[in-house]
Number of protein chains: 2
Amino acid sequence: MTHSEENYIKGIYHLSEAGAGSVSTTTLATHMETKPSSVTDMIKRLAGKELVNYKKYQGVRLTEQGQLKALQIIRKHRLWETFLVEKLDFNWDEVHEVAEQLEHIKSDMLVDRLDALLDYPDYDPHGDPIPDKDGAFKTRDKKLLANLGPGKSGQCVGVVDSSAAYLKFLDKHGIALGDSITVLEREEFDQSLKIRIGTRNFSVSQRIASNLYVKPIEN
Amino acid sequence: MTHSEENYIKGIYHLSEAGAGSVSTTTLATHMETKPSSVTDMIKRLAGKELVNYKKYQGVRLTEQGQLKALQIIRKHRLWETFLVEKLDFNWDEVHEVAEQLEHIKSDMLVDRLDALLDYPDYDPHGDPIPDKDGAFKTRDKKLLANLGPGKSGQCVGVVDSSAAYLKFLDKHGIALGDSITVLEREEFDQSLKIRIGTRNFSVSQRIASNLYVKPIEN
DNA sequence: TTTTATTTTTAGACAAATCTAAATATTTAT
DNA sequence: ATAAATATTTAGATTTGTCTAAAAATAAAA
């Protein structure tokens, strides 16, 4: 598999994860920052390799085989991100582009040893699950901070948007994975939330709250 | 720079290091496992980027700029090899192919942090020097074991041939970098050497002895 | 249910990196 | 110094991944 093929497989995986079902040519083209005609070409190549099912005008869907490939690439991406943060002191907003390159390195031994070095992590620095060799990964019950009722608490476990801009914004507000957040009040006017983290009380916009995952805490 | 361009630059560097002066198309083609015509094409591209000096039928030579690029790639290659051995428990005969891939990853931050994680090593697992950011590296006075006179001792510091076959052969004979070797006797008939490592006395072929570097020890 | 708009595919072209085969230059040997 | 051998370059083709522009199919709207 070429880098490009791997990137398409990963793209198809992420898009079918979000909107279930098959992925349209245009959607994939937008995601890959390329033209629909290029996508059609590539889809045909991937279909030839049995990595996707493709019928003209019907969009693409990963085959079992394609899905496993996708998960293996995602596994590498997330292990490398974890490595960069844990071992090389990268900030969580600095890892994405480098991991995009590292995920294409071909060596099973490398991946296995890296996994061991990191002590077999279940989640990456953004809270996303790291699939194992067979593509299996842990899911956890999480909800958007935006959907946490007043008085309820949750532990910050992940982000929807993992852009550097958003992550830096969280840093600036002193919000990190692992933090316990209590919703004090919901402002109906702009959907902003008054929250408490540790001893600090402050307000976060709806935009922030709907991009942060929390694991609800019973209380 | 594409991966291919980087590989050519590195190839030219290694070949001009060995046989000084300019590198011929055929020599480079053999080294790159490709055809002379492909080399000519690539050389023109590199000349266009001011990385090599090229005059038809006269071979190539790296420019100042090209040389620095080569050393930066070699730096990455050797840092990654060191990482694989030191942190991921690879054997020194298992690192080459993976490092060939990793050397193309583009991120100055990654290289700097990796260097720090490894505590700024001067030499890689094969005893080759690791250039710094500016391409500078340590040289040491070393000679071939084959050229060490009877009664003289040396510390094993590097290999000429770093193929897996040779390295495994050294492993099998219990010869490792850092070992102190004393030449007991030179067999004129086949140029083999009787040597002592620790308390073990044994004989090594001329082939082995002329691929092992030692740092002479005064005695 | 036609017409219109949108999506998707095809056809043809291009750049990168390679190849083979042919042409040209250089080197070696006679 | 000329012929023979070797090395190098050019010309033209191929593959991968992309593009634009045009054609075809599907979906939406009147």
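Here is the naming used below: chain letters follow the sequence lines, and residue numbers restart at 1 for every chain. This is a predicted model, so every value here is computed, not measured.
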(request) Tell me, please, whether B/Tyr8 has B/Arg45 positioned over its six-membered ring: NZ or CZ under 6.0 Å from the ring centre and within 45 degrees of its axis? (result) no

(request) Salt-bridge test for A/Lys10 and A/Glu100: reply yes if a basic N is under 4.0 Å from a carboxylate O, no otherwise. (result) yes

(request) Send over the distance from B/Glu5 CD to C/dT18 P, rounded to a whole Å. (result) 10 Å

(message) Within 45 degrees of the ring normal and closer than 6.0 Å to the centroid, is that where the cationic atom of B/Arg140 sits relative to B/Tyr123?
(response) yes

(request) Please work out whether the ring planes of A/Phe169 and A/His173 are parallel, tilted or perpendicular, with thresholds of 30° and 60°. (result) tilted

(request) Between protein and nucleotides 3-16 of chain D, map the contacts as a letter string: B base, S sugar-phosphate only, - none, heavy atoms under 4.0 Å, written 5' to 3'. (result) ----SBBB-----S

(message) Strictly below 4.0 Å: does B/Lys35 bring a side-chain N or O up to OP1 or OP2 of C/dT18?
(response) no

(request) On the 0 to 90° scale, with breaks at 30° and 60°, tag the B/Trp92-B/His126 ring pair as parallel, tilted or perpendicular. (result) parallel

(request) Would you kindly give the CE-to-C1' distance between B/Met42 and C/dT18, to the nearest whole Å? (result) 9 Å

(request) Starting from C1' on C/dA17, measure out to CE on B/Met32 and report it in whole angstrom. (result) 12 Å

(request) Can you sort out the partners of B/Asn91 under side chain to side chain donor-acceptor pair (under 3.5 Å), two or more places apart, ordered by chain and number? (result) none

(request) Can you tell me the distance, in whole Å, between the CG atom of B/Leu46 and the P atom of C/dT18? (result) 11 Å

